[in-house]
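What you see is a predicted model, and the numbers here were worked out from it, not measured in a lab.
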Amino acid sequence: MNSETNRTQMPMKVPEFMDEAAVGSALTAQAAIDSMTAFLLAGFDPEAGVPRTRIETSAGTFMQMPASNDHYVGTKLLSITPKNAASDSPVIQGLYALFGGADQRPLAILDGIALTNWRTSCVSALCVSLVATPGPKRLLIYGTGVQAWEHIKIFSEIFDLLSVEILGRNPSAAKELVARAAELVPNVSIGDDDSISSADIVVCCTASEQPLFDGSLVKPNAVVVAMGSHDRDHRELDDALMARATVCVESLDSALREAGDVIQALESGAIATRSDLITVGQLVLERATPVTGKPVVFKTTGMPWQDLAVAIAAYETHMCDGG
């Protein structure tokens, strides 16, 4: 770079900063879903996405997740610090840096955790909306943490929910989530072992290493989302379900690298071959459809392009509303 030329350039405009409140006020579930859908309809290929990178630090892990399209480029930066669980600092902290325009100028810094919460639940809602049969739904949530709440919040916006049932290892946390969810959905309760057989949508938001339920009990027309694990050794769904379901993933590359539910089912033979997997892109572009009369599983680990799509939706709405 020519330093003399650089000194004569106009000062860089300070990027917008969007905190959790600003991200939330700029987004709706449908806007986030529409932005991700538009990425795929415009020809973006998730198989070509750049994998997330990580380095181990003295305190934990630092991760970066870059992505780009024709008009924007951005990356999410996250720190994971396990010892923060015993302090007032969050275990996961992060920012999203958004650049754009022909000159790739810095446009905005967004709260990375708020963006992740929106992205994760909206990816699930997008996929369920692509494969679910019409009509009101009974939603079953496994887990009582942040993502359990985020999924209830987003699904109540996108779907007509007859009821929500919640199952978690911590009874007090489950009761608290029931009370919170009751502000959004009329019929909310603690679930039990029989809940799986009547649920139309099942969302697994846990850190479980082992399957959460007997997959043979899932209804033939149900949709099951597994989003809690993102490594080869953890799974929330058993082979009984994976063998009888149409299994959908974000991309073959990411699923075969990070999705323990899929990797272990392929190794056991519950999924015969990787060609049996359907991608979200194929669903959006109508190049594949689930088999009628079988449950549908959607396994998600999250991808950088989804963060970019949701960040764009938040930024453009924020700027249209006057910043």
Side-chain angles (χ1 to χ4, degrees), residues 16 18 20-49 65 67-76 96 98-101 107-108 110-112 114-135 137 139 147 150-161 184 201 203 223 225 227 248-251 254 278-290 296 298 300-323:
E16 292 288 319
M18 298 180 63
E20 179 181 4
V23 171
S25 65
L27 283 172
T28 64
Q30 194 60 57
I33 289 171
D34 289 347
S35 186
M36 288 187 285
T37 302
F39 255 62
L40 298 171
L41 290 174
F44 181 86
D45 181 8
E47 302 296 342
M65 287 144 274
S68 67
N69 69 358
D70 291 340
H71 305 290
Y72 294 93
V73 60
T75 190
K76 188 165 68 178
Y96 194 92
L98 181 66
F99 297 71
L107 298 174
L110 294 82
D111 183 296
L115 183 70
T116 300
N117 290 342
W118 276 89
R119 181 267 292 165
T120 305
S121 52
C122 288
V123 168
S124 298
L126 165 62
C127 292
V128 173
S129 68
L130 289 169
V131 300
T133 57
K137 304 298 179 189
L139 172 64
Q147 277 304 325
E150 293 294 331
H151 277 76
I152 292 170
K153 182 176 69 174
I154 295 303
F155 277 51
S156 69
E157 183 177 335
I158 296 298
F159 302 103
D160 179 10
L161 298 181
L184 299 177
I201 303 172
V203 182
V223 184
V225 177
M227 53 71 53
C248 304
V249 297
E250 293 150 306
S251 79
S254 64
I278 293 177
T279 67
V280 176
Q282 289 176 310
L283 292 172
V284 168
L285 297 172
E286 299 182 348
R287 294 175 180 170
T289 56
V296 178
F298 173 57
T300 169
T301 60
M303 296 188 72
W305 70 268
Q306 300 159 351
D307 289 307
L308 177 60
V310 178
I312 291 169
Y315 171 74
E316 290 184 345
T317 299
H318 180 74
M319 297 309 293
C320 285
D321 291 343

> Which pair of heavy atoms, one from Y315 and one from A108, lies closest together, and at what distance?
Replying inline: CD1-CB, 3.7 Å

> Atom CG in L27, atom CG in L115: separation rounded to 0.5 Å?
Replying inline: 7.5 Å

>> List the residues meeting ring pair (Phe, Tyr, Trp, His ring centres under 6.0 Å) with F298, not counting sequence neighbours, and say none if there are none.
In response: none

> Which heavy-atom pair separates L308 from V73 by the least distance, and what is that distance?
Replying inline: CD1-C, 4.2 Å

>> Restricting to side-chain contact (heavy atoms from CB on, under 4.5 Å), what partner residues turn up for A26, sequence neighbours left out?
In response: M18, A314, T317, H318

> Residues in side chain to side chain donor-acceptor pair (under 3.5 Å) with E250, at least two apart?
Replying inline: T300, Q306

>> Please report the interatomic distance CG(L130) to SG(C248), rounded to the nearest 0.5 Å.
In response: 8.5 Å

>> Taking side-chain contact (heavy atoms from CB on, under 4.5 Å) as the definition, give me every residue that meets it alongside P304, ordered by chain and number, with sequence neighbours left out.
In response: M65, A67

>> Tell me which pairs pass salt bridge (Lys or Arg N to Asp or Glu O under 4.0 Å) where either residue lies in residues 114-134, with sequence neighbours left out.
In response: R119-D307

>> Restricting to side chain to side chain donor-acceptor pair (under 3.5 Å), what partner residues turn up for N69, sequence neighbours left out?
In response: none

>> Among residues at least two apart in sequence or on other chains, which ones pass side chain to side chain donor-acceptor pair (under 3.5 Å) with S124?
In response: H151

>> For P290 versus V296, what's the shortest heavy-atom pair and its separation?
In response: CB-CG2, 3.7 Å

>> Applying side-chain contact (heavy atoms from CB on, under 4.5 Å), can you list everything that pairs with A288, at least two apart in sequence or on another chain?
In response: I278, Q282

> Out of curiosity, L126 CG to I154 CD1, how far, rounded to the nearest 0.5 Å?
Replying inline: 12.5 Å

> Do V280 and V249 have side chains that get closer than 4.5 Å, going by heavy atoms?
Replying inline: no

> Rounded to the nearest 0.5 Å, how far apart are CZ of F44 and CE of M36?
Replying inline: 12.5 Å

> Under 3.5 Å, is there a donor-acceptor pair between the T116 and K76 side chains?
Replying inline: yes

> Which pair of non-hydrogen atoms, one from F159 and one from S129, has the smallest distance, and what is that distance?
Replying inline: CZ-N, 3.8 Å

>> For the backbone of A22 and the side chain of S25, can you confirm whether one donor and one acceptor N or O come within less than 3.5 Å of each other?
In response: yes

> For the residue pair L40 and V284, what are the closest heavy atoms and their distance?
Replying inline: CD1-CG2, 3.7 Å

> Quick one: side-chain hydrogen bond (donor to acceptor under 3.5 Å, both in side chains) pairs with a partner in residues 31-49, sequence neighbours left out?
Replying inline: Q30-D34

>> Tell me every residue that passes side chain to side chain donor-acceptor pair (under 3.5 Å) with S156, counting only those two or more places apart in sequence or in another chain.
In response: none

> Step by step, would you call K153 with S121 a side chain to side chain contact (heavy atoms under 4.5 Å, CB included)?
Replying inline: CA-CA 9 Å; K153 182 176 69 174; S121 52; over 6 Å; no

>> Treating E157 as the side-chain partner and A29 as the backbone partner, does any N or O pair qualify as donor plus acceptor under 3.5 Å?
In response: yes

> For the residue pair I33 and C122, what are the closest heavy atoms and their distance?
Replying inline: CG1-O, 3.7 Å

>> I'd like to check the ring pair (Phe, Tyr, Trp, His ring centres under 6.0 Å) partners of Y72; sequence neighbours left out, ordered by chain and number.
In response: none

> Can you list the residues that meet the side-chain contact (heavy atoms from CB on, under 4.5 Å) rule with K137, with sequence neighbours excluded?
Replying inline: A132, T133, L161, D200, I201

> If you measure from CZ on F99 to OG on S68, what distance do you get to the nearest 0.5 Å?
Replying inline: 12.5 Å

>> Nearest 0.5 Å, please: how far is OG1 in T120 from CE in M227?
In response: 5.5 Å

>> Using side chain to side chain contact (heavy atoms under 4.5 Å, CB included), reason through T289 and L283 one step at a time and then give a plain yes or no.
In response: CA-CA 6 Å; T289 56; L283 292 172; 5.6 Å; no

